[in-house]
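I have placed the structure first, in the form of C-alpha cells, so that the comments after it can refer back to it.
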Amino acid sequence: MTHIGNCELGKRPRVVVALRDGVPRREVESALAAGADIIELRVDLFSSLEPGFPEAECGRFTGIPRLGTLRCAAEGGGWRGSEEERLACFNAILPHVEAVDIELSATDILDRVVEAAHDAGKTVIGSFHDFAKTPDDAHLEETAARADRAGVDILKVAAHCATLEDLRRLAAFTLRREGRPAAVIGMGPAGMPSRIFFPLLGSMLAYTFLGTPSAPGQLNCADTVKYLSLFCQFTNSPE
C-alpha cells in the first residue's frame with residue numbers, strides 16, 4: 001500500500017492542499033479538520049529559497065503529511081535555478097517532508113531525486129504537466145511507461161482540457177491505470193469536473209489550495225471537500 005507519511009492512499013481519495021510559505025499552521029489544521037489529508041508545500045513558490053528557509057518552513061508542519069514540490073518553470077512552476085541547485089534543495093527538504101514531487105522531464109536529476117527519497121523512506125510522485133493541450137493516447141501511455149522506468153511510486157498527469165473529448169481521454173487513461181497508483185487531473189474550465197469525479201475512477205489525489213490557486217481550474221479547499229463528500233460518499237467511510 002502506498003503512503004504519504006501516515007496517510008494511506010488507495011482506500012479513498014485523498015485531498016491535497018497546496019500552499020506557499022507564511023500560511024499559519026492553524027489554518028492548515030482547520031483545513032485538515034474539515035476533510036483535507038495532505039499538504040503540498042510549493043517550495044518553488046516560496047518567498048525565499050535561501051539556505052535554511054525552505055527547511056524551516058516545511059518543518060513548521062511536522063506531524064502533518066507533507067508533500068514537497070519544487071516545480072520547474074517549464075512545467076508551470078516557479079523554479080528558475082539550475083538543476084543541481086534544485087537537487088540540493090530537494091535534498092535539504094527531504095528530512096522535513098514525507099513525499100516529493102519531481103517532473104518526469106527532469107532527466108538530469110530525476111534518478112537522483114528518486115534514489116535519495118527512497119533511501120530516506122519517502123514517497124515519490126513523478127509528474128507530467130501540459131498546460132496547452134491534452135496529449136493523445138500514445139503520449140499518455142509513453143508518459144506512464146517513463147514513470148514505471150523511473151521507479152516513482154505515484155504517477156501524476158495534469159493536462160489542459162479544452163473539450164469534453166479531452167476530458168474523456170483523460171478519464172479513459174485513468175481507468176486504464178487501475179491498480180497502479182496515479183493522480184490524473186484535467187486543468188482549465190473543461191477539466192474542472194475531473195477534480196471531483198476522477199477520484200471515482202481511481203485517481204488517488206484531489207488537489208486544492210489555501211490562499212492562491214497553484215493550477216488552472218482548481219477548486220478551493222472547502223468546495224473540494226464539499227463536493228467529494230457529496231458525490232464520493234465513500235470518502236467519509238471508516239478507514
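Values reported hereafter were calculated over all heavy atoms of this structure, with side chains retained and with hydrogens, waters and symmetry mates removed.
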Q) Which is it for Ile125 and Leu205 under the side-chain contact (heavy atoms from CB on, under 4.5 Å) test, yes or no, and what are the steps along the way? A) CA-CA 11 Å; Ile125 295 176; Leu205 303 172; 4.0 Å; yes
Q: Would you please test Asp101 and Val16 for side-chain contact (heavy atoms from CB on, under 4.5 Å) and show each step?
A: CA-CA 13 Å; Asp101 180 314; Val16 181; over 6 Å; no
Q) Under the side-chain contact (heavy atoms from CB on, under 4.5 Å) criterion, do Val184 and Ser194 qualify, and how do the steps go? A) CA-CA 8 Å; Val184 184; Ser194 71; over 6 Å; no
Q: Please report the C-alpha distance between Arg25 and Ile64 in whole Å, then the side-chain angles of each, then the deciding distance to 0.1 Å, and finally whether the side-chain contact (heavy atoms from CB on, under 4.5 Å) criterion is met.
A: CA-CA 10 Å; Arg25 181 171 173 127; Ile64 297 171; 3.9 Å; yes
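Side-chain contact between Val23 and Val28 is present, with at least one heavy-atom pair separated by less than 4.5 Å. Using a 4.5 Å cut-off on side-chain heavy atoms (C-beta onward), Leu219 and Ile196 make contact. No side-chain heavy atom of Lys133 sits under 4.5 Å from any side-chain heavy atom of His160. With a 4.5 Å cut-off on side-chain heavy atoms, Val124 and His118 count as touching. Contact of the Leu41 side chain with the Phe46 side chain is registered, since non-hydrogen atoms from C-beta on lie closer than 4.5 Å. Residues Leu70 and Ile93 form a side-chain contact, since some pair of their non-hydrogen atoms from C-beta on lies under 4.5 Å apart. Within the 4.5 Å cutoff, side-chain heavy atoms of Leu104 are placed close to those of Leu155.
Residue Leu170 comes nearest to Gly186 through the heavy atom pair CD1-CA, 3.8 Å, listed as atom of the first residue, atom of the second, then distance. Taking all atoms of both residues into account, the shortest heavy-atom contact from Arg195 to Ala206 is O-CB, 3.9 Å. Nearest heavy-atom pair across Val97 and Lys122 is O-NZ, 2.8 Å. Here the shortest heavy-atom pairing between Asn6 and Pro65 reads OD1-CG, 3.4 Å. Taking all atoms of both residues into account, the shortest heavy-atom contact from Glu85 to Ser82 is OE1-N, 2.8 Å. Closest approach of Gly78 and Asp44 over heavy atoms only: N-OD2, 2.8 Å.
Interatomic distance, NZ of Lys156 versus OG of Ser203, reported as 10.0 Å (0.5 Å rounding). Here the SG atom belonging to Cys221 is positioned 5.5 Å from the CG atom belonging to Leu210, to the nearest 0.5 angstrom. Rounding to the nearest 0.5 Å places CZ of Arg168 at 9.0 Å from OG1 of Thr163.
Leu230 and Val15 fall within the same hydrophobic cluster, defined by Ile, Leu, Val, Met, Phe, Trp and Tyr side-chain heavy atoms under 4.5 Å apart, directly or through other members. Following chains of ILVMFWY side-chain contacts shorter than 4.5 Å, one can reach Leu164 starting from Leu175, so the two form part of one hydrophobic cluster.
Here Arg112 pairs with Glu84 in a salt bridge; the nearest charged N to carboxylate O distance falls below 4.0 Å. The pair Glu165-Arg169 counts as a salt bridge, with a side-chain nitrogen and a carboxylate oxygen less than 4.0 angstrom apart. Salt bridge annotation for Arg42-Glu57: absent, with no cationic side-chain nitrogen under 4.0 angstrom from a carboxylate oxygen. Here Arg26 does not pair with Glu29 in a salt bridge; the nearest charged N to carboxylate O distance is not below 4.0 Å.
Note: His139 and Phe128 have tilted aromatic rings, judged against thresholds of 30 and 60 degrees for the angle between ring planes.
For the residue pair Asp153/Thr2, the side-chain donor-acceptor check at 3.5 Å is not satisfied. Ser127 and Glu75 share no donor-acceptor pair across their side chains, judged by distance under 3.5 Å alone.
Residue Glu115 qualifies as open at atom CD: its count of foreign heavy atoms under 6.0 Å is 12 or below.
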